[in-house]
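Report on the following structure.
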Amino acid sequence: MALSTSLNSLCTISKASPSKNPMIFNLLKTPSLKTHLKVNPIFKPSSLSLFTQPTKLRYKTQNPQSSTTIRSLFTGIVEEMGEVKQLGMADHGGFDLKILAKTVLEDVHLGDSIAVNGTCLTVTEFDTQVGEFTVGLAPETLRKTSLSELESGSLVNLERAIQPTGRMGGHFVQGHVDGTGEIVGKDVEGDSLWIKVKVDESLLKYVVPKGFIAVDGTSLTVVDVFEKELCFNFMLVAYTQQKVVIPLKEVGQKVNLEVDILGKYVERLLSSGFVDSFKPS
C-alpha cells in the first residue's frame with residue numbers, strides 16, 4: 001500500500017532546506033514608531049521572489065477586515081499543501097505572500113481567513129482560474145513566525161476556518177502563533193516518523209504529555225516532554241506524513257507553534273486570584 005511506504009515516497013519530493021535568505025528587512029527588528037514596512041536598502045536581492053510588477057489588490061466594494069467581526073477558528077486538520085509563488089514587498093507598502101492552491105479556493109471570498117503553516121491570515125486577492133490567492137503579512141507576523149524563511153517553491157500547510165456545521169477533527173486552533181520551535185531530531189520507527197522540537201521555556205510550560213499542540217498548523221498529540229532539554233516530541237503516522245510539510249523540513253529548521261489555549265486560560269485564572277474568590281473567608 002502507498003501509505004505503508006510513505007517514507008520512501010517522501011524521498012521523491014524535493015526537501016526544503018533552511019532559508020539562506022538575507023532579506024529579513026527591518027520588519028523582523030524591534031518595531032519602530034517612525035518606520036513602517038520599509039526595505040533596508042543595504043540588503044541585496046536574494047532567492048526570495050520580490051514582486052517586480054505588483055498587482056493591485058482587488059477588494060471590490062468592501063474592506064475584508066471590517067466585514068468580519070467573529071475571530072476565526074481552525075481544527076489543525078490540514079486540508080492541502082500549497083506552494084509559495086511569490087513573497088515580498090507590494091506596491092501598497094505591505095508585505096504579501098502569494099500561494100498556489102486548489103482546495104482552499106473552492107468557496108473563497110475576500111476577507112476569508114486561511115491558516116498558512118498555522119498562521120491565521122486574511123485573503124486579500126484570489127484568482128480561482130489560475131489557482132492562487134494572496135495574503136498580507138504584518139511585521140509582527142514575520143517576527144513571530146517562521147514565514148520569513150519561506151521562498152518561492154516552498155510548500156505550506158493550508159486550512160480554511162471551520163464552519164459551525166463541520167466536524168471538529170483536531171482541537172481548537174486560533175491561528176495565533178505563540179512562537180517558533182527548532183527541529184532537533186527526526187527518527188524513523190517502522191512507517192512512523194518521530195520529531196523532536198526544542199522550544200523556549202516560556203512556551204514549554206504549556207506543553208504537556210498527551211496534550212494538544214499545533215505545529216505549523218497541524219493538530220498533534222505531544223508524546224513526551226523533556227524539561228531539561230527544553231524539548232518535546234510527537235509522532236507522525238504514515239498518512240499524516242504525506243499530507244503536511246513537517247516531514248519535509250530538516251533538522252535545524254523552524255516550525256510555528258500554538259499551544260493549547262486551555263492552558264493559557266487556566267494560568268490566567270489562577271494568577272488573577274479567581275480561584276481564591278471561591279474559598280470561604
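- The line from CG of L87 to CZ of F95 is 4.0 Å long, rounded to the nearest 0.5 Å.
- Between D96 and Q86, the closest side-chain pair of non-hydrogen atoms is not below 4.5 Å.
- Side-chain N or O atoms of T134 include none that pairs as donor or acceptor with a backbone N or O of T124 at under 3.5 Å.
- Under the 4.5 Å side-chain heavy-atom criterion for Ile, Leu, Val, Met, Phe, Trp and Tyr, I261 and V207 are members of distinct hydrophobic clusters.
- Residues meeting the salt bridge (Lys or Arg N to Asp or Glu O under 4.0 Å) test with D260, sequence neighbours left out: none.
- A single hydrophobic cluster is not seen to contain both I213 and V184; linkage of ILVMFWY side chains at heavy-atom distances under 4.5 Å, directly or through other members, places them apart.
- Partners of K198 by side-chain hydrogen bond (donor to acceptor under 3.5 Å, both in side chains), not counting sequence neighbours: none found.
- Of all heavy-atom pairs between G175 and F74, the closest is N-CD1, 4.1 Å.
- Contact detail for E83 and G153: the closest heavy-atom pair is OE2-CA, 3.7 Å.
- Under a hydrophobic-cluster definition in which Ile, Leu, Val, Met, Phe, Trp and Tyr are linked whenever side-chain heavy atoms come within less than 4.5 Å, directly or via other members, I195 and V188 are assigned to the same cluster.
- There is a path of hydrophobic side-chain contacts, each under 4.5 Å, that joins V251 to V244.
- The closest donor-acceptor contact from the side chain of K186 to the backbone of P247 lies under 3.5 Å.
- Cluster membership check: L97 shares its hydrophobic cluster with L142, using side-chain heavy-atom separations under 4.5 Å among Ile, Leu, Val, Met, Phe, Trp and Tyr.
- Taking NZ from K254 and CG from N117, the interatomic distance works out to 13.5 Å, rounded to the nearest 0.5 Å.
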Ignoring hydrogens and angles, write down the donor-acceptor pairs under 3.5 Å from the side chains of residues 102-110, residues two or more places apart or on other chains.
residue, atom, partner, partner atom, Å
D107, OD1, R160, NH1, 2.9
H109, ND1, D107, O, 3.0

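- Listed by chain and number, the residues in a side chain to side chain contact (heavy atoms under 4.5 Å, CB included) with E267 are K205, Y206 (sequence neighbours excluded).
- Shown here are the side-chain hydrogen bond (donor to acceptor under 3.5 Å, both in side chains) partners of T218, two or more places apart in sequence or in another chain: N157.
- In this structure, V78 and E80 approach most closely via the heavy-atom pair CG1-O, 3.4 Å.
- In this structure E258 satisfies the side-chain hydrogen bond (donor to acceptor under 3.5 Å, both in side chains) test with no other residue, sequence neighbours excluded.
- Scored by the side chain to side chain contact (heavy atoms under 4.5 Å, CB included) test, K144 finds E140 as partners (sequence neighbours excluded).
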Which pairs would a plain distance check flag for residues 220-238, meaning a side-chain donor or acceptor within less than 3.5 Å of a matching protein atom at least two apart in sequence or in another chain?
residue, atom, partner, partner atom, Å
E229, OE1, K196, NZ, 2.7
N233, OD1, D224, N, 2.8

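- Rounding to the nearest 0.5 angstrom, the gap separating the CG atom in L150 from the OG1 atom in T145 is 8.0 Å.
- A distance-only check finds no donor-acceptor pair linking the side chain of N256 to the backbone of G118 [under 3.5 Å].
- Here S271 pairs with nothing under the side-chain hydrogen bond (donor to acceptor under 3.5 Å, both in side chains) rule; sequence neighbours left out.
- Atom-to-atom distance recorded for I99:CD1 and L121:CG is 7.5 Å, nearest 0.5 angstrom.
- The line from CZ of R143 to CG of L137 is 12.0 Å long, rounded to the nearest 0.5 Å.
- At a threshold of 4.5 Å between non-hydrogen side-chain atoms, the residues L73 and V173 do not count as touching.
- Applying the side chain to side chain contact (heavy atoms under 4.5 Å, CB included) test to V255 and every residue at least two apart in sequence or in another chain returns I183, V197, V215, D216, K249, L257.
- Contact detail for V259 and D178: the closest heavy-atom pair is N-OD2, 2.9 Å.
- Closest approach of S272 to L269, counting heavy atoms only: OG-O, 2.9 Å.
- In this structure the side chain of L147 never reaches within 4.5 angstrom of the side chain of V177, judged on heavy atoms.
- To the nearest 0.5 Å, the span separating CD on Q174 from SG on C120 amounts to 9.5 Å.
- Using a distance-only test at 3.5 Å, with no hydrogens or angles considered, no donor-acceptor pair links the side chain of D112 to the main chain of V123.
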